[in-house]
Amino acid sequence: GVMLTNPKAAVQYGVLFSAFLPSHPSITLALTLPLAVFLMEAGWYTFVAYALSAERSRISYLGAKHWIDRFAALLMGGMSLRLLLARGAT
């Protein structure tokens with residue numbers, strides 16, 4: 001339910017897909033990608049819920065959250081820049 005109502009996730013996948021997928025993906029890729037994304041997301045959120053259910057790991061995460069968020073923003077910005085530069089070259 002969380003991912004279905006989160007517009008930020010849709011934007012992030014849009015950036016990732018447009019930056020790294022071919023402009024004309026094969027039918028196999030187009031059919032398997034949604035399932036792969038679902039399995040990856042379900043696995044990730046299961047892992048995070050399990051890992052952060054322990055107080056020690058939750059406290060560690062909260063201490064590092066600022067830097068984790070900055071690093072993730074840097075990655076997303078870099079991928080967006082890559083996409084912009086690639087579009088400008090064509």
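Just so it is clear, the model here is predicted, and its values are computed rather than measured.
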Identify all side-chain donor-acceptor contacts of residues 57-64 below 3.5 Å with residues at least two apart in sequence or on another chain.
residue: Ser57; atom: OG; partner: Ala51; partner atom: O; Å: 2.2
residue: Ser57; atom: OG; partner: Ala54; partner atom: O; Å: 3.0
residue: Arg58; atom: NH1; partner: Leu52; partner atom: O; Å: 2.7
residue: Ser60; atom: OG; partner: Arg56; partner atom: O; Å: 3.1

Checklist line | ILVMFWY cluster, Phe47 and Phe38 together (side-chain gap under 4.5 Å) | finding: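 Shared cluster, no.
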Notebook entry, point to check: Applying the 4.5 Å side-chain criterion to the ILVMFWY set and letting contacts propagate, would Met40 and Leu33 be lumped into a single cluster?
Noted result: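 Same hydrophobic cluster.
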Checklist line | salt bridge (charged side-chain N to carboxylate O under 4.0 Å, His left out) contacts touching residues 68-79 (sequence neighbours left out) | finding: Lys65-Asp69
Checklist line | For Leu31, the rest of its hydrophobic cluster, which grows through side-chain links under 4.5 angstrom | finding: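 Members alongside Leu31: Ile27.
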Note to self: Among Thr28, Leu21, Leu29, exactly one meets side chain to side chain contact (heavy atoms under 4.5 Å, CB included) together with Pro25. Which residue is that?
What the structure shows: Leu29
Next item on the list: Kindly write out the residues that satisfy side chain to side chain contact (heavy atoms under 4.5 Å, CB included) with Ser53, not counting sequence neighbours, or none if the list is empty.
Entry: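 Partners of Ser53 by the side chain to side chain contact (heavy atoms under 4.5 Å, CB included) criterion come out as none, since no residue qualifies.
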Margin query: Taking ring-ring contact (aromatic ring centres under 6.0 Å, His included) as the definition, give me every residue that meets it alongside Tyr50, ordered by chain and number, with sequence neighbours left out.
Written below: none
Checklist line | For Trp67, ring-ring contact (aromatic ring centres under 6.0 Å, His included) partners two or more places apart | finding: none
Next item on the list: Check the surroundings of atom NE2 in His24: do more than 12 heavy atoms from other residues, nucleotides or ligands lie under 6.0 Å from it?
Entry: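 Count not over threshold, so no.
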Check: Can you check whether Tyr45 reaches Glu41 side chain to side chain, under 4.5 Å on heavy atoms?
Finding: yes
